[in-house]
Protein chains: 2
Amino acid sequence: MTVNVKDVAAAAGVSAGTVSNALNHPERVAPETVERVRRAIRDLGYVRNDAARQLRAGRSRSVGLIVLDMRNPFYADVARGADARAEQDGLSVLVSDSARDGERERRLVDLFAEQRASGVIATPLTGDLEHFERLAERGVPVVLVDHEGDSDGLSTVSVDDRKGGRLATEHLLARGCTRIAFVGGPSGLRQVRDRFEGARAAASAAGAALERVEIDDLTVRHGRAAGEALLRRPTGRRPDGIFAANDLVAVGLLQALTMTGGVRVPDDVALVGYDDIDFAASTVVPLTSVRQPAELLGATAIELLAQSPGEHVRFEPQVVVRATA
Amino acid sequence: MTVNVKDVAAAAGVSAGTVSNALNHPERVAPETVERVRRAIRDLGYVRNDAARQLRAGRSRSVGLIVLDMRNPFYADVARGADARAEQDGLSVLVSDSARDGERERRLVDLFAEQRASGVIATPLTGDLEHFERLAERGVPVVLVDHEGDSDGLSTVSVDDRKGGRLATEHLLARGCTRIAFVGGPSGLRQVRDRFEGARAAASAAGAALERVEIDDLTVRHGRAAGEALLRRPTGRRPDGIFAANDLVAVGLLQALTMTGGVRVPDDVALVGYDDIDFAASTVVPLTSVRQPAELLGATAIELLAQSPGEHVRFEPQVVVRATA
DNA sequence: CTGTTAGCGCCTTCAT
DNA sequence: ATGAAGGCGCTAACAG
């Protein structure tokens, strides 16, 4: 049915082994023969069968990337960084979305296990890493991104979220904010917890009040809803500084706060986001945010794949001061 | 090295064929034997080798999805729709980003060809579909999304962009706008061209002026820059209605226009976006936009994969009126 | 109900 | 420089 090496070999008047060599080790084959094989391939429309190659090689040339939420541009940036770096190694990155669903995450891990992926990079949903550990034990290198690692078999690339939370809050405090609110959730997410912890540490060190506003998801919509709730409070009971768990939430807050015109940002309320997504620079009032080097995270993850497991690389977050705080 | 069917068979005291049957056709195997096999699998940590299965089956259970730009939430929604529908058929969707790079797009097509994907869904970069046609000829079902198709071998799922452009513009005209600007680009993108064509048709039918503001990319950043340029014009020379080629651009425009407070939206300038991304409902002034049923596009694409090639499904866009126009 | 056999397409020795 | 042969792991067909 489909054209295979033998067909190509017959058309080129050589043997299958020679076709393979012409393809994978052209230097071992007479230039003229290579040319003949090339032509036969073109004429017949031959396409290598990756399954057969993999079966032989025992390993695929693809890396699975499991992200928490494809809609968050932060992960798109991580993917892009991974992609660019992988290309250098002749690897392809295939992205899949766990959509914050543990069941899906596990299924995807199984999928990549069966595919004998040459590596899996994942932003895990929870601290339950058993399935990742099993994968690693079976010889598929695993790198966890945006996760502070502790598990031996797994490498991790992360950014110090606690520190990020601290920096954001210190920045607000330095501006003179005294009633600070942390807006984020669900608190089941490690990132959310750590950023809050950092904020709390900074606030209590300065003797400032820190309020926690819980939301169900890190989206613009939820941020906006939180902002509207804040607006309904009497002026005196509003925070004068807000630290949002990510930029999407910050954008939503900013929309809500500036919408009415009643609240001036940063004069009445200062605002700091997290991730420094591309969009942060373009908001109504350009957003001050804690930068995570997303593309670098992705690229580093690809690099760690090739190294021995249990490596942990941690980057430092950085406050990018724009106009909201 | 790795555990295979034979190892499992030995451990369970049966033959390899029986293990395979226990896994794929449990009803053909004595329940007790199935149980024994199951246990052996667990004990040994056996994971099926997908490459071998595929080699045998001649086809993989994965669908490749090639998107133009992972950062655009519209594509994330398409991916999600495809994903949900694929799950029902036991297929996995693997997303890859062509990043608007023709070279990358071609490489990804080759990759999925070699993988004998059970289908490829793509938002093509240009009208040059040769590589997709070749793929289809080789028996990999191809569905083009968000592309008005004409090629026989390829199925397409699309939304009538010309009509969308017309609707958006008619909506602005109905509000009383007389000097309309279309902000979008690059004009090499079919979507951009068609939406503009639709706008032009509507404008000229109404005898209204239509100006074209070209930008290099459909991002918030570029939209904002275009908005700032508009602000620098004397009031009299500004458009009173803007149709943005997508929501990201519209968001950027909205940021720029409302930022200074000098321009009121929609009173001074009305604004219509395109895609109706989730975020559109949460902008400073909630965005009026032309809705494309993104998830439905993805789901339909998966369905078309299983049908005979050359099917064309076209959805109708719809204006979602919010506050900007 | 279970075992045996054969072959999917490729690549890598080992010979020639 | 090229050819022949074997086997990667799996499953469908057939035999028992």
Side-chain angles (χ1 to χ4, degrees), chain A residues 1-38 40-41 44-61 90 110-111 113-118 138-140, chain B residues 1-38 40-41 44-61 90 110-111 113-118 138-140:
Chain A
M1 182 64 209
T2 62
V3 184
N4 63 21
V5 260
K6 267 191 200 158
D7 300 327
V8 174
V14 295
S15 80
T18 300
V19 172
S20 175
N21 276 327
L23 239 29
N24 304 304
H25 307 282
E27 74 284 1
R28 296 187 196 158
V29 177
E32 186 216 324
T33 309
V34 173
E35 189 41 50
R36 218 146 19 100
V37 171
R38 286 251 162 77
I41 287 178
L44 301 179
Y46 166 74
V47 177
R48 284 193 298 212
N49 184 322
D50 202 46
R53 297 187 81 194
Q54 277 179 217
L55 178 55
R56 187 94 231 303
R59 190 149 266 357
S60 90
R61 301 293 297 160
D110 287 346
L111 174 69
E114 294 188 356
Q115 298 202 153
R116 304 292 191 270
S118 62
R138 285 189 190 127
V140 177
Chain B
M1 181 64 210
T2 63
V3 185
N4 61 24
V5 260
K6 269 191 198 157
D7 299 328
V8 174
V14 294
S15 79
T18 299
V19 172
S20 174
N21 277 328
L23 238 32
N24 303 304
H25 308 281
E27 74 283 2
R28 296 187 196 160
V29 177
E32 185 218 323
T33 309
V34 173
E35 190 40 50
R36 215 143 25 95
V37 171
R38 286 251 162 79
I41 287 178
L44 301 180
Y46 166 74
V47 176
R48 283 193 299 213
N49 184 322
D50 202 46
R53 296 187 82 195
Q54 277 181 218
L55 179 56
R56 189 96 229 304
R59 190 148 267 356
S60 90
R61 301 293 298 161
D110 287 346
L111 174 69
E114 294 188 357
Q115 297 201 159
R116 302 294 191 269
S118 64
R138 283 186 193 131
V140 177

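Order of the sequence lines fixes the chain letters, A, B, ..., with proteins taken first and strands second; residue numbering starts at 1 for each chain. Computation of the quantities below employed the complete heavy-atom set of this structure, encompassing side-chain atoms and omitting hydrogens, waters and symmetry-equivalent molecules. From a predicted model like this one, the values you see are computed outputs, not experimental measurements.
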K.L.:
Can you tell which of B:Val29, B:Asn21, B:Leu23 makes a side-chain contact (heavy atoms from CB on, under 4.5 Å) with B:His25?
P.N.:
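Passing option: B:Asn21.
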K.L.:
Of the options C:dG9, C:dT2, D:dC10, whose atoms approach the side-chain atoms of B:Ala52 most closely?
P.N.:
D:dC10
K.L.:
Surrounding CD of B:Glu27 (heavy atoms of other residues, nucleotides or ligands, distance under 6.0 Å), is the total greater than 12?
P.N.:
yes
K.L.:
Identify the heavy atoms of B:Arg48 and A:Arg116 that sit nearest to each other, and give their distance.
P.N.:
O-NH1, 3.1 Å
K.L.:
Give the rounded distance in Å between these two atoms: CD of A:Gln54 and C1' of C:dC11.
P.N.:
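Value for this atom pair: 14 Å.
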K.L.:
Ignoring the backbone of A:Ala30, work out which of D:dT2, C:dT12, C:dG9 is nearest its side chain.
P.N.:
D:dT2
K.L.:
Counting just side-chain N and O atoms, does A:His25 come under 4.0 Å of either OP1 or OP2 of C:dC11?
P.N.:
no
K.L.:
In whole Å, I'd like the distance from the CG atom of B:Asn24 to the P atom of D:dA12.
P.N.:
6 Å
K.L.:
Check every strand shown and say whether A:Arg28 touches a base, only sugar-phosphate, or nothing at a heavy-atom separation below 4.0 Å.
P.N.:
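Result for A:Arg28 = base.
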K.L.:
Rounded to whole Å, please give me the gap between CG in A:Asp50 and C1' in C:dG9.
P.N.:
11 Å
K.L.:
Would you mind reading off the distance between B:Asn49 atom CG and C:dG9 atom C1', rounded to a whole angstrom?
P.N.:
14 Å
K.L.:
Does A:Thr33 make a side-chain N or O approach to OP1 or OP2 of D:dT2 shorter than 4.0 Å?
P.N.:
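For D:dT2, OP1/OP2 do have a side-chain N/O of A:Thr33 under 4.0 Å.
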K.L.:
Once you round it to whole Å, what is the distance between P of C:dC11 and CG of A:Asn4?
P.N.:
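Answer to the nearest Å: 11 Å.
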K.L.:
Please tell me which of B:Arg56 and A:Tyr46 maps to the more 5' nucleotide of DNA chain C, matching each residue to the nucleotide holding its nearest heavy atom.
P.N.:
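With B:Arg56 and A:Tyr46 compared, the 5'-side residue is B:Arg56.
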K.L.:
Of all the nucleotides listed (D:dG9, C:dC10, C:dC11), which has the minimum atom distance to the side chain of A:Ser20?
P.N.:
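The answer is C:dC11, which lies nearest to the side chain.
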K.L.:
Please give me the minimum heavy-atom distance between B:Leu44 and B:Asp7, naming the atom from each residue.
P.N.:
CD1-O, 3.7 Å
K.L.:
Without decimals, in angstroms, what is the distance between A:Lys6 NZ and C:dC10 C1'?
P.N.:
10 Å
K.L.:
Within the pair A:Ser15 and D:dG3, is there a side-chain N or O less than 4.0 Å away from OP1 or OP2?
P.N.:
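Answer is yes, contact under 4.0 Å.
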K.L.:
Can you measure B:Arg36 atom CZ to C:dC1 atom C1' for me and round it to whole angstrom units?
P.N.:
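Value for this atom pair: 12 Å.
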K.L.:
Would you mind telling me which of C:dT2, D:dT2, D:dG9 lies closest to the side-chain atoms of A:Leu55?
P.N.:
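Ranking C:dT2, D:dT2, D:dG9 by closest atom to the A:Leu55 side chain puts D:dG9 first.
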K.L.:
With a non-hydrogen cut-off below 4.0 angstrom, is B:Asn21 in contact with a base, only sugar-phosphate, or nothing?
P.N.:
nothing
K.L.:
Please determine whether a side-chain nitrogen or oxygen atom of B:Arg53 lies at a distance below 4.0 Å from atom OP1 or OP2 of D:dT11.
P.N.:
yes
K.L.:
Can you tell me how far the CD atom of B:Gln115 sits from the CD atom of A:Gln115, to the nearest 0.5 Å?
P.N.:
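If I round to the nearest 0.5 Å, the distance is 7.0 Å.
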K.L.:
Measure the distance from CD on B:Glu35 to C1' on C:dC1 and round it to the nearest whole Å.
P.N.:
17 Å
